Amino acid sequence: MTLSPLNIALWAINLEPPLKSLADWIEITSHRMEQAKEQGANLLLMPEYVSEQWMSFAPAGIAPDEEIPWMATQAADAIDQLKGLAKTHEMGLLAGTFPVAIDTKDEASDSPVNDNSGFYNRAHLFLPDGRYITQDKLCLTPSEQDPQAWCLTPGSKVKVFNWQGLRIAILICLDVEMPALSSLIADHDIDLILVPSMTSKLAGYNRVFGCAKARAIELQAAIAAVGPIGATRFLGKKRQNQTSAAAVYIPCEESLGHIGVATEISPTDTTVGQGPLIVAKDVPFAEIRRLRNGKAEVWPGAWDADHIFVEEE
């Protein structure tokens, strides 16, 4: 099967520039899509919790436990406008993640509402063919389960979909750190995993991106990961600073250049402009698929571990 070329743009968005409104954010995103398209990109990947930047125009006096519900009130308008951007620019847009309220009457809801949390941390992918694909974060951090602040509900399924001849999935930040999830999707012939993330410390960046590179080896797939930098300003004051970067990892194989990196930028604390934008061109999906189908030098997924067990003495 001949695969269509796919060039992936990754935007490590700088959260620091204040926004006047959601329309301001949409305009900046559209401009970034235009820049990515000019560099040959078919897809733009944005980080987790891009909605953190929306806090720069949030109502004064909003409490920590009101932030997620307020962000979710902006979601419907954001989704409608982002759909239009994908068609206008004729490219895919994974607009990072932002929270959405759980519709308890919706049979498609991934999982029941837990305690007082009624929101998913949801990734939003808009494709130029009109499709709108979502993925809810499966593994929540402690800060995402705090009843006094950000309190969300985890999703319960990984969606695998097809685009440009590729089989694609989305794992959000901590999700990519879970080997169990890698094992679950190992037999689904995945070509590409998109990983929007947010990490405030260098340790968090290394966990997410180190595990993303491991997933490329385990799954014999390409893994595209990106996180934000800088700190949002709320009522003139800086919030928590974010430290991250952007990379596309591929299997460590001789025919792919040995090192397992298609493109990568180092973590940065710089807050100049809108944040760095890089493009991974001509990601070698055909060769990755060939390797996955029995031609890799060593591929853990090719071995059946059912006969292995742990014995304690």
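Quick caveat, the model's predicted, so the values are computed rather than measured. Side chains are part of it too, since the values below use all heavy atoms of this structure and drop only hydrogens, waters and symmetry mates. Along the sequence shown, residues carry numbers from 1.
Partners of E264 by salt bridge (Lys or Arg N to Asp or Glu O under 4.0 Å), not counting sequence neighbours: none found. Residues satisfying the side-chain hydrogen bond (donor to acceptor under 3.5 Å, both in side chains) test with D146, not counting sequence neighbours, are none. Every residue two or more places apart in sequence or in another chain was checked for a side-chain hydrogen bond (donor to acceptor under 3.5 Å, both in side chains) with S51, and none qualifies. Listed by chain and residue number, R290 satisfy the salt bridge (Lys or Arg N to Asp or Glu O under 4.0 Å) test with E287 (two or more places apart in sequence, or in another chain). Contacts of T263 classified as side-chain hydrogen bond (donor to acceptor under 3.5 Å, both in side chains), with partners at least two apart in sequence or in another chain: none. Q35 is linked by a side-chain hydrogen bond (donor to acceptor under 3.5 Å, both in side chains) to H31, R32, counting only residues two or more places apart in sequence or in another chain. Remark: D175 engages no residue in a salt bridge (Lys or Arg N to Asp or Glu O under 4.0 Å) (not counting sequence neighbours).
In this structure, the side chains of I102 and T153 come closer than 4.5 Å at one or more pairs of heavy atoms. Counting heavy atoms from C-beta outward, P251 and I217 have side chains that stay 4.5 Å or more apart. A 4.5 Å side-chain heavy-atom check between L219 and S182 finds at least one atom pair inside the cut-off. With contacts defined as side-chain heavy-atom distances shorter than 4.5 Å, the pair L125/L43 qualifies. L6 places a side-chain heavy atom less than 4.5 Å from the side chain of L166. Contact of the L194 side chain with the I223 side chain is not registered, since no non-hydrogen atoms from C-beta on lie closer than 4.5 Å. The closest side-chain heavy-atom distance from I185 to L181 is not below 4.5 Å. Two residues are said to be in side-chain contact when any heavy atoms from C-beta on lie closer than 4.5 Å; I133 and L127 meet this criterion.
Judged as a ring-ring contact (aromatic ring centres under 6.0 Å, His included), not a single pair has a partner in residues 155-194 (not counting sequence neighbours). Each side chain to side chain donor-acceptor pair (under 3.5 Å) pair with one or both residues in residues 123-134, not counting sequence neighbours, appears once here: H124-Y132, D129-R131, T134-K159. Sorted by first and then second residue, the pairs that involve residues 190-201 and meet side chain to side chain donor-acceptor pair (under 3.5 Å), not counting sequence neighbours, are D191-R289, D191-R292. Counting only residues at least two apart or on different chains, the side chain to side chain donor-acceptor pair (under 3.5 Å) pairs with a member in residues 57-68 are E67-W150, E67-R239.
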Q | Verdict with supporting geometry, L44 and M91, side chain to side chain contact (heavy atoms under 4.5 Å, CB included) | A | CA-CA 8 Å; L44 174 62; M91 64 183 298; 4.1 Å; yes
Q) Could you walk me through whether I8 and V283 pass the side chain to side chain contact (heavy atoms under 4.5 Å, CB included) check? A) CA-CA 8 Å; I8 304 171; V283 180; 4.3 Å; yes
Q: Report the C-alpha separation of L152 and K137 in whole Å, then their side-chain angles, then the decisive distance to 0.1 Å, and conclude whether the side chain to side chain contact (heavy atoms under 4.5 Å, CB included) test is met.
A: CA-CA 10 Å; L152 297 111; K137 191 173 185 179; over 6 Å; no
Q. What do the steps show when you test L82 against D80 for side chain to side chain contact (heavy atoms under 4.5 Å, CB included), and what is the final call?
A. CA-CA 6 Å; L82 292 167; D80 285 344; over 6 Å; no
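In this structure, the separation between OG1 on T243 and CG on N241 is 5.0 Å, given to the nearest 0.5 Å. Expressed to the nearest 0.5 Å, how far CD of Q220 lies from CG of L291 amounts to 5.5 Å. For the atom pair CG (D77) and CG (L22), the distance works out to 5.0 Å, reported to the nearest 0.5 Å. Distance check: I190 CD1 to E218 CD gives 13.5 Å after rounding to the nearest 0.5 Å. Going from atom CD of Q240 over to atom CG of L15 covers 11.0 Å, rounded to the nearest 0.5 Å. Rounded to the nearest 0.5 Å, atoms CD1 (I250) and CD1 (I259) are 8.0 Å apart.
The main-chain N or O of A36 is never found under 3.5 Å from a side-chain atom of W11 such that the two would form a donor-acceptor pair. Proximity of a side-chain donor or acceptor of S30 to a complementary backbone N or O of I26 within less than 3.5 Å is not detected. Listed for the S244 side chain is no donor-acceptor partner under 3.5 Å among the backbone atoms of M198. Between the side chain of S183 and the backbone N or O of P179 there is at least one donor-acceptor pair closer than 3.5 Å. Side-chain N or O atoms of N14 include one that pairs as donor or acceptor with a backbone N or O of G273 at under 3.5 Å. Although no hydrogens or angles enter the test, the distance criterion places a donor-acceptor pair under 3.5 Å between the side chain of Q135 and the main chain of K157. The backbone N or O of P18 lies less than 3.5 Å from no partner atom in the side chain of Q53, so there is not a single donor-acceptor pair.
Hydrophobic clustering (side-chain heavy atoms under 4.5 Å, transitive across Ile, Leu, Val, Met, Phe, Trp, Tyr) keeps V279 apart from I229. Under the 4.5 Å side-chain heavy-atom criterion for grouping Ile, Leu, Val, Met, Phe, Trp and Tyr, L10 is connected to F285 within one hydrophobic cluster.
Ion pairing between E34 and K37 fails under the 4.0 Å rule for side-chain N and carboxylate O. Between E16 and K238 there is a salt bridge, with a side-chain nitrogen of the basic residue lying less than 4.0 Å from a carboxylate oxygen of the acidic one.
Considering every non-hydrogen atom in both D136 and G155, the closest pair reads CB-CA, 3.9 Å. Minimum interatomic distance between A225 and F209 (heavy atoms only, all atoms of both residues): O-CE2, 3.6 Å. Taking every heavy atom of both residues into account, C252 and G260 meet most closely at SG-CA, 3.8 Å. G40 approaches N7 most closely through the heavy-atom pair O-ND2, 2.8 Å. Between M46 and W25, the closest heavy-atom pair is CE-CZ2, 3.8 Å. Nearest heavy atom pair, residue R215 against residue E177, reads NH1-C, 3.8 Å.
Taking a 6.0 Å sphere around CD of E27, one finds it holds 12 or fewer heavy atoms contributed by other residues, nucleotides or ligands.
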Under 3.5 Å, which donor-acceptor pairs link side chains of residues 93-101 to any protein atom two or more places apart or in another chain?
residue, atom, partner, partner atom, Å
T97, OG1, Y49, N, 2.8
T97, OG1, N121, OD1, 2.7

